[in-house]
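Step one of this worksheet: look at the structure below.
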Amino acid sequence: MRVLFILFAVLPIIEIALLVNVGSMIGGWNTIGLVILTAFIGAYFVKREGISTLQTAQAKMQRNEVPGRELVEGLMLVVAGVLLVTPGFITDIFGFMFALPGSRHLLAAQVTKHLKMHVVAGSAGVAGAFGQGFNPNQQNPFNQPNSQHGNGDVFEGEYSDNTTNDPDKRLK
């Protein structure tokens with residue numbers, strides 16, 4: 001909650017104060033020109049890096065690999081584009097940090113590592129909460145061919161768990 005407060009309340013105030021200070025040093029029109037120039041340069045970088053990231057992700061998908069890092073980098077490029085078009089120098093610094101390949105790759109590696117740890121820990125917690133584990137070697141009954149019934153007809157039915165011997169505890 002504090003991060004959102006800083007983003008939407010404090011950051012614009014700091015940006016305006018910085019723009020006014022820079023404007024008093026180099027002039028108002030020069031400041032506006034600098035902000036527009038950074039937006040155009042940023043848009044160029046985001047477009048170039050976005051196309052490169054998309055091509056890398058497509059190549060990985062053709063090799064049947066999951067493009068996880070490329071997805072994170074793509075999201076970072078979207079955020080970079082928004083930050084670079086937003087007028088201000090602080091947002092431009094963060095935008096260029098997300099758009100330039102060196103810093104973006106470093107940040108994407110950290111985010112991917114963080115997400116992998118949460119996904120692994122989160123899936124174990126969910127399975128444990130329901131008292132079941134996931135067995136990837138277990139066959140999925142929905143992927144079996146329709147050869148059991150011969151003609152491939154679809155059968156509807158109801159299911160109830162009658163594994164308990166107590167008739168009062170059986171599911172109905």
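Because only heavy atoms are used, hydrogens play no part in the values below, and waters and symmetry mates are left out as well, while side chains stay in. Residues take their numbers from the sequence shown, with the count starting at 1.
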I'd like to know if the side chain of Glu15 and the backbone of Thr91 have a donor-acceptor N/O pair within less than 3.5 Å. yes
Go through Leu84 and Thr38 one step at a time and tell me if the side chain to side chain contact (heavy atoms under 4.5 Å, CB included) criterion holds. CA-CA 7 Å; Leu84 287 167; Thr38 59; 5.6 Å; no
Among Met76, Glu70, Arg69, which one satisfies side-chain contact (heavy atoms from CB on, under 4.5 Å) with Val72? Met76
Rounded to the nearest 0.5 angstrom, the CD1-CG distance for Ile51 and Leu77 is 11.0 Å
So CG of Leu11 and CG of Leu4: to nearest 0.5 Å the spacing works out to 12.0 Å
Nearest 0.5 Å, what's the CG-CD1 distance between Leu18 and Ile13? 13.5 Å
Taking every non-hydrogen atom, the tightest pair across Ala99 and Ala80: N-CB, 3.9 Å
Consider only side-chain heavy atoms of I, L, V, M, F, W and Y, link residues closer than 4.5 Å, and tell whether Ile26 and Val35 are in one cluster. yes
CD1 of Ile32 to CG of Leu19: how many Å apart, nearest 0.5 Å? 9.0 Å
Side-chain heavy atoms nearer than 4.5 Å, only ILVMFWY residues, links allowed to pass through others: does that put Met25 and Leu34 together? yes
How long is the gap from CG on Asn21 to OG1 on Thr31, to the nearest 0.5 Å? 10.0 Å
Inter- and intrachain pairs under ring-ring contact (aromatic ring centres under 6.0 Å, His included), touching residues 42-100, at least two apart: none
Mind checking whether Val79 and Met97 sit in one hydrophobic cluster, side chains of I, L, V, M, F, W, Y counted as touching below 4.5 Å? yes
Set out, in order, the CA-CA distance, both residues' side-chain angles and the distance that settles side chain to side chain contact (heavy atoms under 4.5 Å, CB included) for Lys60 and Val66, then state yes or no. CA-CA 7 Å; Lys60 274 192 167 184; Val66 177; over 6 Å; no
Hydrophobic cluster membership, with links at side-chain heavy-atom distances under 4.5 Å among I/L/V/M/F/W/Y: are Leu54 and Leu71 in one? no
At their closest point, which heavy atom of Leu83 faces which heavy atom of Asp92, and how far apart are they? O-OD1, 3.7 Å
For Ile14 versus Ile90, what's the shortest heavy-atom pair and its separation? CG2-CD1, 3.3 Å
Backbone N/O of Gly50 and side chain of Thr53: donor-acceptor pair under 3.5 Å: no
Near Arg63 CZ, under 6.0 Å, is it more than 12 heavy atoms from other residues, nucleotides or ligands? yes
Quick one: does Leu100's side chain get under 4.5 Å of Arg104's, heavy atoms only? no
